[in-house]
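First the structure, in the form of structure tokens, and then the observations on it.
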Amino acid sequence: MVVMPRESAKIVSAYAKNVFIDDEAIKAVACKLLEELKEKRIDINNFSQCKFHPKCSDPKAIDWIFLLDLLNFSFWTEENANKWKVNGQTGYFAMCAAIKRAIDEGTPITDPKYYSKITKNELEVIFRGDDNTINIPLINERVKVLHEAGEVLLNKYKGTFVECIKSCAGSAEKLLKLIVTDFHSFQDEAQFQTYKISFYKRAQILIGDIWACFKGKEYGEFYDIDFLTMFADYRIPQVLVHFGTLKYSSSLLNKLCSGFKLESGSVEEIEIRGCSIEVVERINNEVKHLINSHNNLRLKESDINCVLIDHFLWDYRRQYAKELDSIPFHKTRCIYY
């Protein structure tokens with residue numbers, strides 16, 4: 001049986017030998033997040049502030065978001081290679097910009113009838129860089145992911161992810177389990193000691209993005225949104241190390257500093273991802289504790305969750321990219337994040 005992400009993180013953090021959690025630093029970060037909450041800098045509305053994201057008023061918003069998170073993996077650049085850029089954007093936002101450009105050009109990229117049969121050449125044109133030479137990483141894997149997911153939507157869900165949402169009756173937990181069962185590329189799982197653990201980064205961020213896009217209403221209304229953990233990738237750990245909540249052994253730190261690539265499913269990679277989830281869980285719990293300890297804050301526990309904390313940490317890394325670039329991130333080339 002596969003252990004879900006929250007429980008997986010507890011198991012990994014309990015046995016980790018290369019990654020460590022600092023609870024005192026967690027308290028300090030929780031205090032910082034409380035101030036961000038009070039100033040409305042942590043807010044569900046922040047998703048819509050990106051000009052490359054769909055608006056909830058767009059009739060294709062759900063299938064657009066599904067496409068984005070279907071392809072939301074592996075944007076880091078190999079050493080000494082030029083960064084892939086689209087409209088001046090890099091990484092995930094370069095992909096968002098490329099998708100929006102394709103839509104504006106009339107390419108039916110959000111339609112599974114189209115992308116279930118898409119060719120490598122067609123996808124390369126869609127993801128062409130600003131210099132027309134730099135391609136998005138793992139292009140062959142992205143073609144395969146699109147083919148597989150497109151076929152599932154066409155054969156089982158009337159050609160739209162909307163049907164998946166409807167079938168789960170407002171439950172984030174049910175939708176997560178549907179996604180990882182029916183769409184194989186979302187099965188972000190690993191073997192850790194005697195446990196079959198999971199992180200489900202892209203599946204969880206898909207639900208979180210729908211929740212944020214629709215501001216917790218309509219298709220984004222999930223009564224159990226707190227079921228989701230943070231989205232274990234390669235960037236959030238950078239911020240957690242910066243804040244001192246996450247620490248690496250000297251041997252692991254030396255590997256990361258040297259640019260050593262960690263294999264997907266390796267012990268060190270699992271420990272980084274698992275402990276990242278556990279850190280955010282503890283931050284979330286501490287912020288809720290602070291809210292309950294202060295009666296005059298005009299805040300409630302439901303104002304914070306792991307999705308919003310993840311958004312804050314990810315935005316923080318972008319805002320302070322130059323400062324955080326001195327902290328190495330783990331390089332794992334895979335389709336899961």
Considering all heavy atoms of both residues, which atom of [X] and which atom of [Y] are nearest to each other, and what is their separation?
{"X": "Val29", "Y": "Phe243", "value": "CG2-CB, 3.6 Å"}
{"X": "Asn18", "Y": "Ser251", "value": "OD1-OG, 4.3 Å"}
{"X": "Cys306", "Y": "Glu281", "value": "SG-OE2, 3.3 Å"}

Linking I/L/V/M/F/W/Y whenever any side-chain heavy atoms sit under 4.5 Å apart, do Leu138 and Leu70 land together?
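In one cluster: yes.
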
Please determine whether residues Ile103 and Ile136 belong to a single hydrophobic cluster, defined as Ile, Leu, Val, Met, Phe, Trp and Tyr linked transitively by side-chain heavy-atom distances below 4.5 Å.
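Yes, because Ile103 and Ile136 connect within a single hydrophobic cluster, where side-chain heavy atoms sit under 4.5 Å apart.
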
Residue among Lys331, Arg333, Lys83 satisfying salt bridge (charged side-chain N to carboxylate O under 4.0 Å, His left out) with Glu78:
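Of the listed residues Lys331, Arg333, Lys83, the salt bridge (charged side-chain N to carboxylate O under 4.0 Å, His left out) partner of Glu78 is Arg333.
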
Parallel, tilted or perpendicular, judged at 30° and 60°: which one describes the rings of [X] and [Y]?
{"X": "His311", "Y": "Phe231", "result": "tilted"}
{"X": "Phe186", "Y": "Phe183", "result": "perpendicular"}
{"X": "Tyr195", "Y": "Tyr15", "result": "tilted"}

Is [X] salt-bridged to [Y], going by a charged N under 4.0 Å from an acidic O?
{"X": "Glu35", "Y": "Lys38", "answer": "yes"}
{"X": "Lys27", "Y": "Glu24", "answer": "yes"}
{"X": "Arg273", "Y": "Asp188", "answer": "yes"}
{"X": "Asp303", "Y": "Lys300", "answer": "yes"}

Using only atom types and a distance under 3.5 Å, with no angle test, would you say the side chain of Asp130 pairs donor to acceptor with the backbone of Gly88?
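Between the backbone of Gly88 and the side chain of Asp130 there is a qualifying donor-acceptor contact (under 3.5 Å).
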
Please check if the side chain of Arg128 supplies one atom and the backbone of Val125 the other of a donor-acceptor pair under 3.5 Å.
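Here the side-chain-to-backbone pair exists.
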
Between [X] and [Y], does the ring centre distance come in under 6.0 Å?
{"X": "Tyr320", "Y": "Tyr316", "result": "yes"}
{"X": "Trp64", "Y": "Tyr115", "result": "no"}
{"X": "His330", "Y": "Tyr337", "result": "yes"}

Residues in side chain to side chain contact (heavy atoms under 4.5 Å, CB included) contact with Glu301, at least two apart in sequence or another chain
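In terms of side chain to side chain contact (heavy atoms under 4.5 Å, CB included), with neighbours along the sequence ignored, Glu301 is linked to Lys288, Asn292.
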
State which residues pass side chain to side chain contact (heavy atoms under 4.5 Å, CB included) with Asn285; sequence neighbours excluded, sorted by chain then number.
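Residues passing side chain to side chain contact (heavy atoms under 4.5 Å, CB included) with Asn285: none at all.
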
Do Pro54 and Ile62 have side chains that approach each other closer than 4.5 Å (heavy atoms only, starting at C-beta)?
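When only atoms from C-beta onward are counted, Ile62 and Pro54 do not touch, as no gap falls below 4.5 Å.
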
Keeping to residues at least two apart or across chains, list the side chain to side chain donor-acceptor pair (under 3.5 Å) pairs with something in residues 166-179.
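Counting only pairs at least two positions apart or across chains, the side chain to side chain donor-acceptor pair (under 3.5 Å) contacts touching residues 166-179 are Ser171-Asp224, Glu173-Lys177.
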
Under the 6.0 Å and 45° cation-pi test, does Lys255 pair with Phe260?
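Yes, cation above the ring, under 6.0 Å and within 45°.
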
Should we say atom CD of Glu263 is surrounded by more than 12 heavy atoms from elsewhere, each under 6.0 Å from it?
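Atom CD in Glu263 is not packed in, count stays at 12 or less.
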
So with a 6.0 Å cut-off around CD of Gln191, is the heavy-atom count from everything else above 12?
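Correct, the count exceeds 12.
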
When you check the side-chain N and O atoms of Gln187 and Tyr200, is any donor under 3.5 Å from an acceptor?
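Note: Gln187 and Tyr200 side chains miss the donor-acceptor criterion.
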
State whether a side-chain donor-acceptor pair under 3.5 Å links Arg202 with Ser185.
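Present: a donor and an acceptor within the cut-off.
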
Single hit among Ile225, Leu228, Val287 for side-chain contact (heavy atoms from CB on, under 4.5 Å) with Asn305
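So the option named by the test is Ile225.
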
